[in-house]
Participant: 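Handing you a structure now.
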Amino acid sequence: MHRILSKERLGPEINRYVIEAPQISRRRKPGQFVIIRLCPEGERIPLTIADADPEEGTLTLVVQAVGKTTWQLADMEEGDEIIDVTGPLGRPTHIERYGTVLCVGGGIGVAPLYPITSALKDAGNEIVCIIGARSADLLIMEKEMESVSDHMLVTTDDGSYGMHGMVTDGIKRIVVEEGRKADFAVAIGPPVMMKFTCLLTGELEIPTMVSLNPIMIDGTGMCGGCRVSVGGKTKFACVDGPEFDGHQVDFDELMKRLSAYRTHEKEAMDRYSECRAETGGGGR
Amino acid sequence: MDSKERLAIPPHPMPEQDPAERVDNVREVPLGYTAETAIAEATRCLQCKTPFCVDGCPVNIDIPGFVQAVEDGDFKKGIRILKKDNLLPAICGRVCPQETQCQLECTVGKARKDQTKSVMIGKLERFLADWEREQGEFEVPRMPPSSGKKVAVIGAGPAGLTLAGDLVRMGHDVTVFEAFHKAGGVLVYGIPEFRLPKSIVQTEVDYLEKLGVEFRYNHVVGKTLTMEKLVEDYDAVFVGTGAGLPKFMRIPGQNLLGVFSANEYLTRANLMKAYEFPRSDTPIFRARKVMTVGGGNVAMDCARTALRLGAQDSLVVYRRSEKEMPARVEEIEHAREEGVQMHLLNNPVRILGDENDWVMGAEIVRMKLGEPDASGRRRPIPIEGSEYVLDVDAVIVAIGNSPNPLIPDTFPDLEVTRWGGIVTNEVTGQTSVRGIFAGGDIVLGAATVILAMSHGRRAAKAIHIYLKTGRWSDLEEAVAVEINQSQTSS
Ligand SMILES: Cc1cc2nc3c(=O)[nH]c(=O)nc-3n(C[C@H](O)[C@H](O)[C@H](O)COP(=O)(O)OP(=O)(O)OC[C@H]3O[C@@H](n4cnc5c(N)ncnc54)[C@H](O)[C@@H]3O)c2cc1C
Ligand code: FES
């Protein structure tokens with residue numbers, strides 16, 4: 001059992017949880033994830049670890065409520081318990097001194113980007129951070145990112161905050177217009193954002209690492225459900241990744257595979273909403 | 001009753017759920033013997049002086065002994081004899097390939113020149129185990145005083161569970177580390193409910209807990225904690241992590257939507273109970289026409305699971321002929337009865353997708369059998385120009401699994417074979433690293449429950465002696481001496 005020690009609202013339907021997981025917090029490195037299950041009938045879902053405090057024995061997770069399980073998590077409160085947390089899974093991020101690194105985060109992807117940025121900063125890199133969201137209220141962890149960046153640019157799709165545009169527009173401004181040289185880039189966010197970021201950094205010849213989040217079950221390389229095509233080869237994101245060379249990833253395939261259970265997800269969500277309405281929140 | 005009369009008794013088939021009915025539920029297919037039928041079946045045994053059946057059993061169960069007890073109606077004695085050599089009879093009685101083991105050697109079958117007429121040893125084994133479970137309370141054996149030694153077991157499959165049960169009864173302190181949230185390994189995530197009810201596996205796990213085995217779930221060794229740490233904290237470590245790495249076909253279209261590994265399909269269905277969706281949260285793709293590729297038990301399980309999930313058609317595509325199919329005869333028969341269509345001597349060359357990348361068909365080539373290959377089976381050869389398209393909307397790939405690479409990868413000191421299996425001493429299960437033992441599918445590649453159990457059992461003996469004496473380089477001899485002693489003393 002893993003107790004939720006704190007829950008903090010970062011935006012609409014976006015929460016930051018600190019949960020008890022002493023063993024995992026001691027072992028975890030930036031870039032790794034956990035698989036959680038909320039209840040005996042629950043599904044297993046992967047969540048990237050946003051931060052950890054080995055002394056306190058805690059993990060930080062940032063979760064946006066989008067489907068049944070993440071909504072159920074959103075309905076949980078401090079003191080509630082999560083039955084299973086497995087990890088830390090996946091390969092840790094390869095951290096080295098590249099020089100100047102573009103750290104590009106979109107939406108909820110800023111959460112997993114934070115520990116990686118922080119580690120890159122500690123390794124002596126100059127950090128140029130570009131984070132974006134659809135609108136101002138969906139922007140998360142701006143302060144945290146600022147604390148580990150040398151330069152920072154915020155974009156919103158609707159222009160409600162920061163630069164009007166997408167993160168790719170931000171990259172163009174910094175690299176093309178301002179002529180800042182970048183030796184490496186890390187991009188984490190929705191697959192479509194990573195796709196276009198990689199198309200752009202490909203043109204700009206900036207090596208780019210992305211972190212993928214396909215559908216997973218076991219997270220240990222057992223089912224192959226998480227397979228992705230990288231450089232024409234099939235890889236299991238849970239054990240070979242989750243981070244890959246973004247210029248080699250087949251994002252279109254990833255997006256399609258992510259949508260495989262959309263009708264099921266909707267069915268599960270509708271059912272959950274009904275019982276939420278009946279019980280006045282809280283779920284089953 | 002003399003032998004002639006016994007030989008004249010026809011075998012007692014086990015009643016089964018009607019095929020038309022059972023494809024709509026996940027309940028067990030064979031329904032079990034009544035006490036009367038079990039006694040009548042046991043009466044067919046000739047009590048041979050030299051029981052060949054025992055040699056056919058990988059764990060050498062005293063078969064004539066327990067069968068005699070059934071004939072006498074002394075079920076308590078029967079189960080005691082069984083459990084001396086087999087800790088998990090309810091499971092083995094259901095999933096062991098008896099027709100290629102004990103029942104292949106049975107004199108009754110030989111006398112009748114038909115091994116399907118052998119004494120139904122497996123069904124009697126299942127009967128006793130079920131009888132005991134229905135009695136409620138399990139006999140908890142008297143436990144020896146604690147040895148003060150600690151053993152870590154990695155993986156709660158049949159190898160790990162058997163070993164844990166043996167070692168705890170020898171007085172050692174046993175902790176099992178399991179990656180999943182449930183114990184049982186393939187028994188819970190692979191083999192379907194209709195073949196092995198999960199409550200049976202759970203009963204066995206509960207029993208081990210009662211004996212004092214500690215289970216730590218959600219512990220992925222190599223990730224949550226390291227091998228190095230286990231070696232440091234425990235007096236011995238057993239690796240029973242199974243063959244969990246699914247093979248794919250490397251043909252065009254393998255990443256289309258609706259293509260699954262058998263592991264994924266079965267895990268969703270079994271462990272995560274997707275057949276109860278949306279009452280359970282894990283979804284599974286409900287296809288109309290499902291093609292399963294492969295010819296083993298795993299393929300049969302997938303094809304039959306697909307029917308239970310509502311598929312109208314379930315096809316098995318296998319590149320050799322029925323004779324070469326590695327699946328148990330009973331499983332093939334059950335699948336056929338339920339309407340699974342076998343496309344033998346066929347092999348997919350490409351999976352076809354629609355405009356949204358969902359599976360919409362498979363291109364198949366017909367095969368013929370050529371000369372025997374390294375495995376002794378005749379090599380399948382494609383017949384040029386024989387390609388045709390099967391209309392299917394889901395493909396399950398059940399062409400095998402390789403040993404789980406996680407532990408060897410994170411702990412390179414362990415010597416592994418070219419195909420990734422951990423190298424061990426055959427008698428003791430010792431690996432190349434002092435204090436670490438291994439067994440089951442991680443050593444054999446995808447094999448059987450009973451072989452995994454026999455590995456667990458052998459390694460338990462060896463670990464016991466290792467913990468007592470500290471001998472390593474000549475542990476095999478020490479084990480042989482101990483086995484001899486126990487045989488002469490009993
Ligand atoms: C669908 C299917 C049907 C089958 N049907 C039959 C049959 O009818 N008859 C038969 O005899 N055999 C059958 N088999 C084969 C049989 O199930 C296996 O041979 C047997 O289960 C192997 O046992 P094991 O203990 O070696 O490993 P497994 O049962 O594979 O168990 C390994 C366990 O280790 C865990 N694990 C793996 N890595 C780690 C790690 N790093 N840390 C912690 N835990 C870890 C896994 O989660 C798993 O629980 C079937 C197999 C499948 C897949
Ligand atoms: S999640 Fe099952 S193999 Fe990656």
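Letters A, B, ... mirror the listed sequences (proteins, then strands); counts begin at 1. The structure presented is a predicted model; accordingly, all values stated were derived computationally and were not measured.
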Participant: Can you tell me which portion of Phe248(B) sits under 4.5 Å from chain A's heavy atoms? Options are side chain, backbone, both or neither.
Facilitator: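 The side chain, not the backbone.
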
Participant: Which value, rounded to the nearest 0.5 Å, describes the distance between Arg216(B) atom CZ and Gln23(A) atom CD?
Facilitator: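 Those atoms lie 7.0 Å apart.
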
Participant: Tell me, side chain or backbone of Leu225(B) under 4.5 Å from chain A's heavy atoms, or both, or neither?
Facilitator: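 Backbone plus side chain of Leu225(B), per the 4.5 Å heavy-atom cut-off to chain A.
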
Participant: Work out which heavy atom in Lys223(B) is nearest to a heavy atom in Gln32(A); give both atom names and the distance.
Facilitator: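 Answer, listing the atom of Lys223(B) first, then Gln32(A): NZ-NE2, 4.4 Å.
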
Participant: For Lys289(B), I'd like to know if atom NZ has over 12 heavy atoms of other residues, nucleotides or ligands within 6.0 Å.
Facilitator: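 Enclosed: over 12 neighbouring heavy atoms sit under 6.0 Å from NZ of Lys289(B).
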
Participant: Once rounded to the nearest 0.5 Å, what's the spacing between atom OG1 of Thr86(A) and atom CZ of Phe180(B)?
Facilitator: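 The OG1 atom of Thr86(A) sits 9.0 Å away from the CZ atom of Phe180(B).
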
Participant: By a 4.5 Å heavy-atom criterion (distance strictly below it), what part of Leu406(B) contacts chain A: side chain, backbone, both, or neither?
Facilitator: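 For Leu406(B), the contact with chain A is made by the side chain alone.
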
Participant: Do you know which two heavy atoms are closest between Lys256(A) and Leu257(B), and how far apart they sit?
Facilitator: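 That would be O-CD1, 3.5 Å.
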
Participant: Does any backbone or side-chain atom of Thr267(B) lie under 4.5 Å from a heavy atom of chain A? Answer side chain, backbone, both or neither.
Facilitator: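 Looking at Thr267(B), just its side chain touches chain A.
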
Participant: Quick check on the structure: residues of residues 215-228 of chain A within a heavy-atom distance below 4.5 Å of chain B, by number.
Facilitator: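 Under the 4.5 Å heavy-atom cut-off, Ile215(A), Ile217(A), Asp218(A), Thr220(A), Gly221(A), Met222(A), Cys223(A), Gly224(A), Gly225(A), Arg227(A) qualify.
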
Participant: So what's closer than 4.5 Å to chain B heavy atoms on Arg257(A): side chain, backbone, both or neither?
Facilitator: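 Both the backbone and the side chain of Arg257(A) come within 4.5 Å of chain B.
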
Participant: Looking at chain B, which one of Val239(A), Asp250(A), Thr234(A) has the largest number of heavy-atom pairs inside 4.5 Å, strictly under?
Facilitator: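 Between Val239(A), Asp250(A), Thr234(A), the count favours Thr234(A).
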
Participant: Rounded to the nearest 0.5 Å, what separates atom CD1 in Ile24(A) from atom NE2 in His219(B)?
Facilitator: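 Atom-to-atom, Ile24(A):CD1 and His219(B):NE2 are 8.0 Å apart.
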
Participant: Please name all residues satisfying salt bridge (Lys or Arg N to Asp or Glu O under 4.0 Å) with Asp252(A), sequence neighbours left out, ordered by chain then number.
Facilitator: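 Here the qualifying residues are Lys195(A).
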
Participant: Out of Thr224(B), Asp409(B), Leu271(B), return the one with the most heavy atom pairs under 4.5 angstrom to chain A.
Facilitator: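 Most heavy-atom pairs within the cutoff with chain A belong to Thr224(B).
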
Participant: Could you have a look at Gly90(A), Pro40(A), Ala21(A) and say which one has the most heavy-atom pairs with chain B under 4.5 angstrom?
Facilitator: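 When all of Gly90(A), Pro40(A), Ala21(A) are compared, Gly90(A) has the most.
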
Participant: Do you know which of Leu266(B), Leu245(B), Asn263(B), Asn356(B) has the most heavy-atom pairs under 4.5 Å to chain A?
Facilitator: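 Heavy-atom pairs under 4.5 Å are most numerous for Asn263(B).
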
Participant: Any non-hydrogen side-chain atom of Asn218(B) less than 4.5 Å from a side-chain atom of Arg37(A)?
Facilitator: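 In short, these two side chains do not touch, never coming nearer than 4.5 Å.
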
Participant: Which bit of Val259(B) is near chain A, if near means a heavy-atom gap under 4.5 Å: side chain, backbone, both or neither?
Facilitator: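 Both parts, backbone and side chain.
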
Participant: So which part of Tyr189(B) gets closer than 4.5 Å to some heavy atom of chain A, the side chain, the backbone, both or neither?
Facilitator: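 Contact with chain A involves the side chain of Tyr189(B) alone.
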
